[in-house]
Amino acid sequence: MDRNKKRGRVITGANSTYRGYGMSAPKKAKKGLPARLRALLALVLLAAMLAVVVAYALQSGGREDIGRVTRIGATLSQNVTPFGSSVIFYDGTTLHCVAATGGNEWSYQIGTNADYDATDSRIVAWSGNDLYIINNRGRLVYNNKMSDTIQFASAGENYVAVFVGEQDNGVVTVIDSSGQIVDNITVTGQTLLDVGFFKSVTSSSAQETELMWMLGLNTTGTVISTELQTFQPGKLSTGKSSLGEHIAYMVYAVDGVLNVVDTRQITRYNYRILEQGTATLIYGYTMQDVRKVGQTTYQLLVPAQERSEGTSITSVRLMYGSVDRVLHLPGECLYAALGTRSVYGFSQSAVYVCRYGETAFTAYSMPVNVTAVLGLISDNRAVVASGSDIYVVELPV
């Protein structure tokens, strides 16, 4: 979710004098010393000064504090989520939206035991069988009681999908922006994993149309397989296919093509679920983040073992266009993410920044001890936890 940018500065000797490091000014050479000896002494003194500067830089990691830090009135247990240029959280009865500067923008009561899904423009929230659709200004645009308990819901640009019933025997209801139900899709014989929306040009329209995908596990056969289906809301199914035994865990769209990520590869399908091009092998890696910047889609992966075992991340894999490279982090990180111009790696005390197209990271000190990273909001600001407290931190770009 993308939307004051303040570049951090790395300490170098270029803008610091030896006086800044506790050294006194060099004494003038005594009168009568030969010119060569005076020059030699000056060079020795200059070398000593540079050694002090380098030692200081190494000791401090070559880092300065980064941008503004704001504490948000939320705790880690309150389902905190980046939301455009803001942050939303649920306190047990009420959904709150807070600005990056800490001020409350709006609140809406949605009841107990609630959950929600959000895009940059809207939120769909549910509690029991009560459904709420709220716009980014905190105004309720739809509220209704569904026919059964809501398992989960997903928000798109013009539609919301709501899954009610049992996980392997329910109905996906699609609601448009005016509050009209346009589809009721029965789910049987499979465990529904996720639902989402994407845009693509179809055979019936030269303009991009918002479509829906559904990902599930077929449990009726002797071997469990992943199934992908696509729908045009109001016109039902546009494609369906079995993806095999590898479990897919992420689906995202690039230029109207669905990218399905499993434990082995990234496979691409058009809106009719016909395979496009050659699959990309990613065995040993897990997809961490995807971000479109201009016309380029960046994909960030981390080693699967480090992700699964909860160990520190020491390298990341960045893919975009024809580029596919591994970037080595200067230190162990607990999280990695994509910004609008750079790759970020977060340790407890620093953030490492590598601009797109480059291969080296620059280190910047974090102003708080980071125990978790919840994601990025616009203007390259990170939402981080320090213990149970939540902060918004401006990042260098």
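Looking at Y116 and I88, their side chains come closer than 4.5 Å, going by heavy atoms from C-beta outward. Residues S315 and P303 form a side-chain contact, since some pair of their non-hydrogen atoms from C-beta on lies under 4.5 Å apart. Residues V383 and R381 fail the side-chain proximity criterion, which asks for heavy atoms closer than 4.5 Å. Between T81 and L374 the shortest side-chain heavy-atom distance does not fall below 4.5 Å. Counting only heavy atoms from C-beta outward, the side chains of V160 and V162 approach each other to under 4.5 Å. Two residues are said to be in side-chain contact when any heavy atoms from C-beta on lie closer than 4.5 Å; N184 and T186 fail this criterion. Looking at H96 and S107, their side chains come closer than 4.5 Å, going by heavy atoms from C-beta outward. M287 is not listed as a side-chain neighbour of Y285, based on a closest heavy-atom distance of 4.5 Å or more.
With hydrogens and angles disregarded, no donor-acceptor distance shorter than 3.5 Å links the side chain of T75 to the backbone of I390. Judged by distance alone, with hydrogens and angles left aside, the side-chain atoms of S225 form no donor-acceptor pair with the main-chain N or O of G244 at under 3.5 Å. In this structure a side-chain-to-backbone donor-acceptor pair under 3.5 Å is missing from S127 to D130. Counting only distance, with no hydrogens or angles, the side chain of T209 and the backbone of V201 share no donor-acceptor pair below 3.5 Å. Remark: the backbone N or O of A336 is paired with a side-chain donor or acceptor of Q288 at under 3.5 angstrom. When atom types are taken as modelled, the side chain of E210 and the backbone of N158 share a donor-acceptor pair closer than 3.5 angstrom. Here the side chain of R268 pairs a donor or acceptor atom with the backbone of T278 at under 3.5 angstrom. The backbone N or O of G102 lies less than 3.5 Å from no partner atom in the side chain of T70, so there is not a single donor-acceptor pair. No side-chain donor-acceptor contact under 3.5 Å links S386 to the backbone of D389. Between the Y90 side chain and the G92 main chain, a donor and an acceptor come within less than 3.5 Å of each other.
Defined by atom type and a distance below 3.5 Å, a donor-acceptor pair is present between the side-chain atoms of T340 and N380. A donor atom on one side chain and an acceptor atom on the other are found under 3.5 Å apart for T267 and Q265.
Cluster membership for V124 and V87, using ILVMFWY side-chain heavy atoms within less than 4.5 angstrom, is not shared. Transitive grouping of hydrophobic side chains (ILVMFWY, heavy atoms separated by less than 4.5 Å) keeps I134 and I175 in distinct clusters. Under the 4.5 Å side-chain heavy-atom criterion for Ile, Leu, Val, Met, Phe, Trp and Tyr, L131 and I181 are members of the same hydrophobic cluster. There is a path of hydrophobic side-chain contacts, each under 4.5 Å, that joins I185 to W126. When the side chains of ILVMFWY residues are joined at heavy-atom separations under 4.5 Å, either directly or via intervening members, V290 and V257 end up in two distinct hydrophobic clusters.
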Inset, instruction - Might you work through the side chain to side chain donor-acceptor pair (under 3.5 Å) test for T238 and T230, ending with a clear yes or no? - result: CA-CA 5 Å; T238 53; T230 55; 2.8 Å; yes
Inset, instruction - Please lay out, stage by stage, how Y142 and Y132 fare under the test ring-ring contact (aromatic ring centres under 6.0 Å, His included). - result: CA-CA 6 Å; Y142 181 83; Y132 306 86; 9.7 Å; no
Legend entry - Test side chain to side chain donor-acceptor pair (under 3.5 Å) applied to E227 and N218, step by step: CA-CA 6 Å; E227 283 193 352; N218 188 330; 2.8 Å; yes
Legend entry - Full working for side-chain contact (heavy atoms from CB on, under 4.5 Å) between M319 and Y298: CA-CA 6 Å; M319 300 191 307; Y298 296 89; over 6 Å; no
Inset, instruction - Please lay out, stage by stage, how D115 and N79 fare under the test side chain to side chain donor-acceptor pair (under 3.5 Å). - result: CA-CA 8 Å; D115 203 351; N79 197 0; 3.2 Å; yes
Inset, instruction - List the steps and the verdict of side-chain contact (heavy atoms from CB on, under 4.5 Å) for T149 and V164. - result: CA-CA 5 Å; T149 301; V164 301; over 6 Å; no
Inset, instruction - For side chain to side chain donor-acceptor pair (under 3.5 Å), just list the numbers for T191 and D168, CA-CA rounded to whole Å, side-chain angles, deciding distance to a tenth of an Å, and then say yes or no. - result: CA-CA 4 Å; T191 299; D168 55 357; 5.1 Å; no
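Scanning all heavy atoms of the two residues, the minimum distance from P367 to V69 falls at CG-CG2, 2.9 Å. Nearest approach of I377 to G84, heavy atoms of both residues: CB-O, 3.3 Å. Between C97 and N104, the shortest heavy-atom contact is O-OD1, 3.4 Å. Residue Q232 comes nearest to S204 through the heavy atom pair OE1-OG, 4.3 Å, listed as atom of the first residue, atom of the second, then distance. Nearest heavy-atom pair across L140 and Y108 is CD2-OH, 3.1 Å. F346 and A337 make their closest contact through CE1-CB, 4.4 Å (heavy atoms, listed as atom of the first residue, atom of the second, distance).
For the atom pair N135 CG and S177 OG, the distance stands at 12.0 Å (nearest 0.5 Å). Interatomic distance, D183 CG to Y159 OH, rounded to the nearest 0.5 Å: 8.5 Å. Note that OG of S347 and CD of E332 are 9.5 Å apart. Values are rounded to the nearest 0.5 Å. To the nearest 0.5 Å, atom OG1 of residue T94 and atom CZ of residue F89 are 9.5 Å apart. Distance CG/L192 to CD/E166: 13.0 Å, rounded to 0.5 Å. Residue S147 holds its OG atom at 8.0 Å from CG of N129, rounded to the nearest 0.5 Å.
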Sequence neighbours left out, cut at 3.5 Å: what donor-acceptor pairs do the side chains of residues 321-331 make with other protein atoms?
unit_1: D324; atom_1: OD1; unit_2: R317; atom_2: NE; d: 2.9
unit_1: D324; atom_1: OD2; unit_2: R317; atom_2: NH2; d: 2.7

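The neighbour count for Q276 CD, taken as heavy atoms of other residues, nucleotides or ligands under 6.0 Å away, is above 12.
Salt bridge status for E157 with K199: present, with a side-chain N to carboxylate O gap under 4.0 Å.
I273 belongs to a hydrophobic cluster whose remaining members, ordered by chain and number, are L193, F198, L211, W213, L215, L217, I224, L228, L243, I247, V251, L258, V260, Y269, Y271; membership requires side-chain heavy atoms of ILVMFWY residues under 4.5 Å apart, directly or through intermediates.
Ring to ring, Y344 and Y352 are not that close: their centroids are 6.0 angstrom or more apart.
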